[in-house]
There are 2 protein chains.
Amino acid sequence: MKHYTIKDIAKKLNVSVSTVSRAFNDKYDIKKETKALILKTAEEMGYMPNPIAKKLSQKRSLNIGVVVPEFINEYYSEIVIALQEFLILKGYQVLVMQSDENEDLELMNAQTLISNMVDGLIVAPTTGNRNMKYYQDRIKDGYPIVFLNRIEESVPVSKVVFNNLKWSFFATEHLIRQGYKKIYHLSGYKDLSVSYERVQGFKKAMNKHNFPKENYKIIETGLLAKEGMEVIEDLIFNHDIPDAFFCVNDMVALGAIKKLKENGYAVPKDVAFVGFTETRIAELMSPPLSSVKQPTYDMAKKAAELLLKRIEDENAPIETIVMNGEFNIRQSSVKNKAVL
Amino acid sequence: MKHYTIKDIAKKLNVSVSTVSRAFNDKYDIKKETKALILKTAEEMGYMPNPIAKKLSQKRSLNIGVVVPEFINEYYSEIVIALQEFLILKGYQVLVMQSDENEDLELMNAQTLISNMVDGLIVAPTTGNRNMKYYQDRIKDGYPIVFLNRIEESVPVSKVVFNNLKWSFFATEHLIRQGYKKIYHLSGYKDLSVSYERVQGFKKAMNKHNFPKENYKIIETGLLAKEGMEVIEDLIFNHDIPDAFFCVNDMVALGAIKKLKENGYAVPKDVAFVGFTETRIAELMSPPLSSVKQPTYDMAKKAAELLLKRIEDENAPIETIVMNGEFNIRQSSVKNKAVL
DNA sequence: TAAATTTCCGAAAACGTTACCGAAAATTAC
DNA sequence: GTAATTTTCGGTAACGTTTTCGGAAATTTA
């Protein structure tokens, strides 16, 4: 199948290329019949407009670029799926790149997408923010970028974030109210904004309830099950097991629980657990894991809406949207079944 | 920051655009000093070549398109990450689209990528294969496409697949050898090639060991934990619980195990389990789940290599690569600890 | 029936590159 | 010092579209 161009159609029908172009773009004047004829023969010839040429002359692509740090955990997978689902309805296609939690790769990805003329960019930044200046320069150039998650509320850009502080506070308070006397927080990375905010929520709850300082602790881990396991090994070695853990995410909780079980601890009888950023496995675990659920779909949709607004109106204001979730209490964090 | 073009640089330095172009493309003749000067001033001006224009005139993009059915399960996430990791080293960037197990969306994605002039395409097809003709036409046009997984070995295209039959056979045989007398296979979708092949492996093992027909069964499920749970509910209702399950993947096993536990069954004491396409949670489950591990990284790498070979040499032959994995036996499928 | 409009279309420049062709400049050979 | 080479470079036509401008043809109006 040869690749036809607008010229081939023009020649075949003895019209000019501009007329053929007009047939494909509603905004120009063209007689109904010629348009129909052109579209019909184009269809027959199997002509497909070349989007590269289109982009070069129009400077828009109806493509949206998305950069996420990873999609090995289901959170960003869901985000991407939701973004795509929404944007396709609006006539856009979504190009995804993942930066593998690597700032340099993230920058490369963003540059690739921008220079491929995506009409806008949705970025979930990796840990650290060395690239922020680049993004802000692009935004100053008039380029539409919306951020998602992992970004401090104070940065003056359009963004959609989760109210980590508030829900971390709720989760912690739940453990306190259940009567647990010694509560440790397994936090993520110190320089990851979501971790930091969750730590703040944890502390806030502790302060509100005048929890004795010696009875709570914040232990930095990563975001992986393995790291949850390692922490527990240390704690067991030091005979320092509390009666409840609040974890930065479900995977860390999963790892920690496994290690505790292996060492003869019962969950939740001996040690209670709460996770965060609920994943599908939370309710499949034994015992099912209490966790804070984020409105993934809605967060993605909001981000996409913000972006489209900016694409359509260069002067749309900068907006920060803070989302709320829900706290699903399951067996892993209740003292007795009656409370359920 | 204004957007500069090659012309701006040419004007500023009083050289021709062709010279500037030459400075950026090693293959032409240009004096060392002029080249250095051009690159230097380009750098200073903040000039970035426009890849769209480049693509239009060169008809190559150094981009590779990837279409996967989903990446909510970690298998395809890992595939994408591995592809990217490998291809970036080779100077390519990877554009990912996911088709959400939808054939129409898959076709759209492929078309978008191709018309955006990715130099080649790696496709993990969705269930069903209505699009196969489209792909084969493109391949006939000389377009490099490599398939990954979920495609029948007989289709005459370049592809990398896993030896589902063989490893499904091993997994089943393991259960038989452990002495389980009644073994059910929770298969995926009937028209999903990987499911089909796993069913064949299951049957082959049964036949080899002359397993009594009334003592094994193949039950079609989906690929989700929820579906594993539903199946168990039915079986419990019918008082038809075998002493071992071989599941199409880990998630189905996870769901099934949860439901059984809720109903007072112990794993593996009352019912044993084996999963497939090992995920991170396999060894984190209680009990840890026996599962067949696929060489995800290598499969991705092989696919990328095949593709690059085709990109570089139009006449590279069609190849089918069948990969093998490993079977990790864990507590979920052993009769007594001594065997471990 | 002429004038005024409106409708339709073609020519050509533009988008930012690459790549071919030939010519000028520099180098080498004699 | 000239001829023969070799380097280096400029002009320009592509690549496949969109879009502006102007004008011819068709239609309406007077």
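Chain A is the first sequence line, chain B the second, and so forth, proteins listed ahead of strands; every chain is numbered from 1. All values reported here derive from a predicted model rather than from experimental measurement.
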**Request:** Record whether the side chain of B:Ser18 comes under 3.5 Å of the base of D:dG11 through a donor-acceptor pair of N or O atoms.
**Result:**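 Counting by modelled atom types and ignoring angles, a donor-acceptor contact under 3.5 Å is found here.
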Does [N] have OP1 or OP2 sitting under 4.0 Å from an N or O in the side chain of [X]?
{"X": "B:Tyr47", "N": "C:dT17", "answer": "yes"}
{"X": "B:Ser21", "N": "C:dT18", "answer": "yes"}
{"X": "A:Lys59", "N": "D:dT17", "answer": "no"}
{"X": "A:Thr34", "N": "C:dC9", "answer": "yes"}

Whole-Å distance between [N] [atom2] and [X] [atom1]?
{"X": "A:Met117", "N": "D:dG16", "atom1": "CE", "atom2": "C1'", "answer": "14 Å"}
{"X": "A:Asn50", "N": "D:dG16", "atom1": "CG", "atom2": "P", "answer": "7 Å"}
{"X": "A:Lys55", "N": "D:dC15", "atom1": "NZ", "atom2": "P", "answer": "20 Å"}
{"X": "A:Asp8", "N": "D:dC15", "atom1": "CG", "atom2": "P", "answer": "10 Å"}
{"X": "A:Ile6", "N": "C:dA14", "atom1": "CD1", "atom2": "P", "answer": "19 Å"}
{"X": "B:Ile52", "N": "C:dT18", "atom1": "CD1", "atom2": "C1'", "answer": "15 Å"}
{"X": "A:Arg60", "N": "D:dT17", "atom1": "CZ", "atom2": "P", "answer": "17 Å"}
{"X": "B:Lys7", "N": "D:dG11", "atom1": "NZ", "atom2": "P", "answer": "13 Å"}

**Item:** Inter-axis angle, terminal five-pair segments of the helix from C:dT1-D:dA30 to C:dC30-D:dG1 [nearest 10°]
**Value:**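 Roughly 40° between the end axes, to the nearest 10°.
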Taking only the side-chain heavy atoms of [X] (C-beta and beyond), determine which of [options] contains the nearest atom.
{"X": "A:Arg22", "options": "C:dG16, D:dT20, D:dC9", "answer": "D:dT20"}
{"X": "A:Ser57", "options": "D:dT17, C:dT17, C:dG10", "answer": "D:dT17"}
{"X": "A:Lys54", "options": "C:dG10, C:dC20, D:dT17", "answer": "D:dT17"}

**Message:** On DNA chain D, does the nearest nucleotide to B:Ala53 precede the nearest nucleotide to B:Val20 from the 5' side, or the other way round? Give the residue.
**Reply:**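 Closer to the 5' end of DNA chain D: B:Val20.
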**DNA chain D: 5'-proximal contact among B:Asp29 and B:Val17 (nearest heavy atom)** = B:Asp29
**Message:** On DNA chain C, compare the nucleotides closest to B:Lys31 and B:Pro49; which residue's is nearer the 5' end?
**Reply:** B:Pro49
So, [X] and [Y]: side-chain donor and acceptor under 3.5 Å apart, yes or no?
{"X": "B:Lys55", "Y": "A:Asn116", "result": "yes"}
{"X": "A:Glu106", "Y": "A:Thr126", "result": "yes"}
{"X": "B:Thr19", "Y": "B:Ser16", "result": "yes"}

**Message:** For the CD atom on B:Glu152, are there more than 12 heavy atoms of other groups (residues, nucleotides or ligands in this structure) within a distance under 6.0 Å?
**Reply:**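 Counting other residues, nucleotides and ligands, CD of B:Glu152 stays at 12 neighbours or fewer.
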**Centroid-centroid distance, A:Tyr47 to A:Phe24, less than 6.0 Å** = yes
**Request:** Answer with yes or no after comparing the ring centroid distance for B:Tyr135 and B:Phe147 against a 6.0 Å cut-off, counting only values under it.
**Result:**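 Between B:Phe147 and B:Tyr135, which both carry aromatic rings, the centre distance is below 6.0 Å.
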**Complete:** The single option from A:Lys309, A:Arg310, A:Lys159 that satisfies side chain to side chain donor-acceptor pair (under 3.5 Å) with A:Glu319 is A:Lys309
**Asked** In a check of side chain to side chain donor-acceptor pair (under 3.5 Å) between B:Tyr75 and each of B:Thr277, B:Thr296, B:Asn149, which one passes?
**Response** B:Asn149
